[in-house]
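Below is one structure, written out as structure tokens, with a few remarks after it.
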Amino acid sequence: MMDLLIPDKTHDESRQGEALMLKAETAKNNGRKLYIESYGCAMNFSDSEIVASILAESGFETTADYSVADVIFINTCSIRENAEQRVRNRLKEFTVAKVKNPGLVVGVLGCMAERLKSKFLEEEKLVDVVVGPDAYRDLPNLINQVDDGQKAVNVLLSREETYADISPVRLNSNGINAFVSIMRGCDNMCSFCVVPFTRGRERSRDPLSIVAECRDLFDRGYREVTLLGQNVDSYKWTSLQPSPKERALEGQIEAGVENDKSLRLGEVGGVNFANLLEMVALIDPDLRVRFSTSHPKDITDEVLYAINKYDNICNYIHLPVQSGNSRILDLMNRTYDREWYINRIDAIRRIIPDCAISTDVITGFCSETDEEHKDTVSMMDYVKYDFAYMFKYSERPGTLAAKRYADDIPEEVKQKRLTEIVAKQQEYSFYRMQARIGRVERVLIEGFSKKSDKDYCGRSDQNAMVIFPVGENYKPGQYVNVLIERSTTATLIGKVIPQTP
Ligand code: SAM
Ligand code: SF4
């Protein structure tokens with residue numbers, strides 16, 4: 001899904017510079033340069049920042065130019081076949097760099113590494129290191145092994161690893177929004193999905209380390225955090241761990257924590273996702289909190305009330321439906337049906353009246369009939385999503401669907417259904433955008449718009465991109481009120497109006 005949200009991108013050199021400056025005091029510069037490129041979901045981009053941090057501690061600098069790199073890492077996605085193909089094509093482009101510099105280390109990280117394991121080394125001769133998502137702490141050792149002339153593989157999955165103590169180097173950052181991983185892995189076993197096999201069992205990260213990371217980001221000028229997990233609603237931290245006070249006494253977390261209002265919630269036993277949202281929201285009213293991804297089976301009214309209670313928890317929920325038909329949802333092992341999903345949509349509309357909703361849809365899943373596809377279309381009519389990521393079903397080796405069901409919908413039928421829902425979504429995106437005309441949106445300025453440096457862009461609370469003229473009295477990282485005058489299907493356009501006291 002999120003390979004559309006964040007198209008495959010190389011890291012921007014100017015932002016790399018910032019990350020290096022941040023790390024300069026601690027790094028024991030070893031004179032070697034790391035180039036890291038990420039594909040797939042936001043979690044992968046977040047993981048690349050953890051990798052950069054681990055290697056910065058070993059003295060690596062990062063570079064945005066792979067031709068000058070000593071180590072090239074490609075952080076991969078397996079979610080659909082075309083995501084894997086893209087990575088293989090990209091690897092071919094690194095061949096010239098390796099011929100020029102035989103000492104160059106080429107590594108494959110992430111989901112494809114985990115899925116293919118040492119087979120990757122046989123299939124792609126260029127590759128020296130294969131590392132799964134739970135083995136990044138081992139990277140310095142693995143690079144040493146390659147320096148000694150061996151190939152290296154570590155694809156061990158862990159039940160505990162959350163990299164909680166690692167402060168990520170922010171790559172490609174605008175200094176305003178950051179991703180923060182709150183959990184890893186997934187226990188859901190949706191039948192189409194490879195993630196439980198590539199990212200292992202679900203585990204939640206210590207809430208105190210999450211709050212500490214978000215607070216640090218805020219103190220460094222960041223104004224928006226997106227809490228990441230495959231199913232954030234099943235976030236759970238039990239009270240078996242020592243309380244914040246005990247840990248402060250042990251010197252594990254900063255002194256003064258006992259007086260920290262946002263941490264007190266963590267002391268009353270377990271922390272669920274609603275509690276965590278609240279803990280992060282309490283850091284500062286000027287820190288916006290977003291999250292992804294919610295799961296329809298787990299999103300509770302408690303979470304919805306928490307969103308409604310705090311102005312700085314954004315009114316935006318990504319709630320993947322996958323299909324609007326109950327039989328297909330059952331085959332997908334999503335563990336909810338059409339009625340349940342509609343019940344959750346109704347709860348969102350009731351508890352958070354002005355909430356944007358986006359979704360993921362798969363067309364042409366095994367045995368899906370035209371009638372069943374129409375149920376997906378009618379779900380889109382019911383919800384009128386603000387935004388959707390839409391995909392043709394792609395069979396993934398090893399998944400439950402690949403084992404149990406035939407991938408029997410012809411490619412042209414999958415495509416026809418996809419084209420139909422894409423057109424439908426265009427209509428509803430435009431409808432949602434048009435509904436904002438005449439309203440005033442609170443926008444966090446992110447920078448110049450892509451098209452013109454006479455305009456700024458930023459996101460509204462509901463996650464819509466807003467464009468408005470640059471002005472002397474405001475700059476990126478600040479909030480402004482924008483009166484919306486017109487829209488396209490993807491963008492709101494308006495002008496800044498004075499803040500009301
Ligand atoms: N954990 C999230 C959830 O359950 O909604 C999303 C995980 S996945 C990285 C993102 C999206 O990719 C899914 O919501 C689904 O729509 C899509 N996806 C996953 N496996 C797929 C497959 N085999 N073929 C097509 N799309 C797929
Ligand atoms: Fe995949 Fe389902 Fe887990 Fe999402 S919830 S990552 S779709 S198995």
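Position 1 is the first residue of the sequence, and the numbers go up from there. In each ligand, atom 1 is the first atom listed, and ligand 1 is the first ligand listed.
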Could you tell me the residue and atom name of the protein heavy atom closest to [atom], and the distance to it rounded to 0.1 Å?
atom: atom 1 (Fe) of ligand 2; answer: C193 SG, 2.3 Å
atom: atom 6 (S) of ligand 2; answer: Q230 OE1, 3.5 Å
atom: atom 8 (S) of ligand 2; answer: C190 N, 3.4 Å
atom: atom 5 (S) of ligand 2; answer: N188 ND2, 3.4 Å

Quick one: which ligand 2 atoms are inside 4.0 Å of a heavy atom on [X]?
X: H295; result: 5 (S)
X: C186; result: 3 (Fe), 5 (S), 6 (S), 8 (S)
X: P196; result: 8 (S)
X: R334; result: 2 (Fe), 7 (S)

Applying a heavy-atom cut-off of 4.0 Å, say which part of [X] lies close to ligand 1: side chain, backbone, both or neither.
X: Q230; result: both
X: I79; result: both
X: R334; result: side chain
X: F192; result: both
X: S394; result: both
X: E395; result: neither

Compare every heavy atom of [Y] with every heavy atom of [X], then report the nearest pair and how far apart it is.
X: A69; Y: T63; answer: CB-CG2, 4.0 Å
X: R203; Y: R159; answer: CD-O, 3.2 Å
X: Y316; Y: C355; answer: N-SG, 3.8 Å
X: G110; Y: Y136; answer: N-OH, 3.1 Å
X: G324; Y: D375; answer: O-CB, 3.5 Å
X: N333; Y: N188; answer: ND2-O, 4.0 Å

Does R86 count as lying over the ring of Y39, i.e. NZ or CZ under 6.0 Å from the six-ring centre, within 45 degrees of the axis?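 That pair does not qualify as a cation-pi contact.
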Y163 six-ring face occupied by R137 cation (under 6.0 Å, within 45°):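 Cation-pi check for R137 and Y163: fails.
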Does H318 have a heavy atom less than 4.0 Å from any atom of ligand 1?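 No.
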Can you list the ligand 1 atoms lying under 4.0 Å from a non-hydrogen atom of [X]?
X: R80; value: 12 (O), 17 (C), 18 (N), 24 (N), 25 (C), 26 (N), 27 (C)
X: Q322; value: 5 (O), 13 (C), 14 (O), 15 (C), 16 (O)
X: R396; value: 23 (N)
X: K392; value: 24 (N), 25 (C)
X: P320; value: 5 (O)

Determine whether S394 and E81 satisfy the following criterion, side-chain hydrogen bond (donor to acceptor under 3.5 Å, both in side chains), listing intermediate values before the conclusion. CA-CA 6 Å; S394 162; E81 197 185 344; 4.9 Å; no
Evaluate salt bridge (charged side-chain N to carboxylate O under 4.0 Å, His left out) for K384 paired with E427, printing each intermediate quantity in order. CA-CA 9 Å; K384 299 186 176 61; E427 269 176 45; over 6 Å; no
When only distance counts, is D360 in polar contact with ligand 1, meaning an N/O pair under 3.5 Å?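 Yes.
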Would you please classify the geometry between the F273 ring and the F291 ring as parallel, tilted or perpendicular, with 30° and 60° separating the classes?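 If you compare the ring of F291 with that of F273, the planes turn out perpendicular.
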Could you check whether F73 and Y35 have their ring centres less than 6.0 Å apart?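 Ring-ring flag for Y35/F73: false, centres at least 6.0 Å apart.
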Could you give me the CA-CA distance, side-chain angles and deciding distance for E372 and R327, then say whether salt bridge (charged side-chain N to carboxylate O under 4.0 Å, His left out) is met? CA-CA 8 Å; E372 289 166 336; R327 187 187 76 90; 2.6 Å; yes
Which residue in the set Y385, F387, Y389 passes ring pair (Phe, Tyr, Trp, His ring centres under 6.0 Å) when paired with H318?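 The single option meeting the ring pair (Phe, Tyr, Trp, His ring centres under 6.0 Å) with H318 is Y389.
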Heavy-atom distances under 4.0 Å are what count here, so tell me which part of N231 touches ligand 2: side chain, backbone, both or neither.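 Looking at N231 and ligand 2, no heavy atom falls under 4.0 Å.
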Looking at ligand 2, is there an atom of it that comes within less than 4.0 Å of some heavy atom belonging to Q322?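 It does not; every heavy atom stays at 4.0 Å or beyond.
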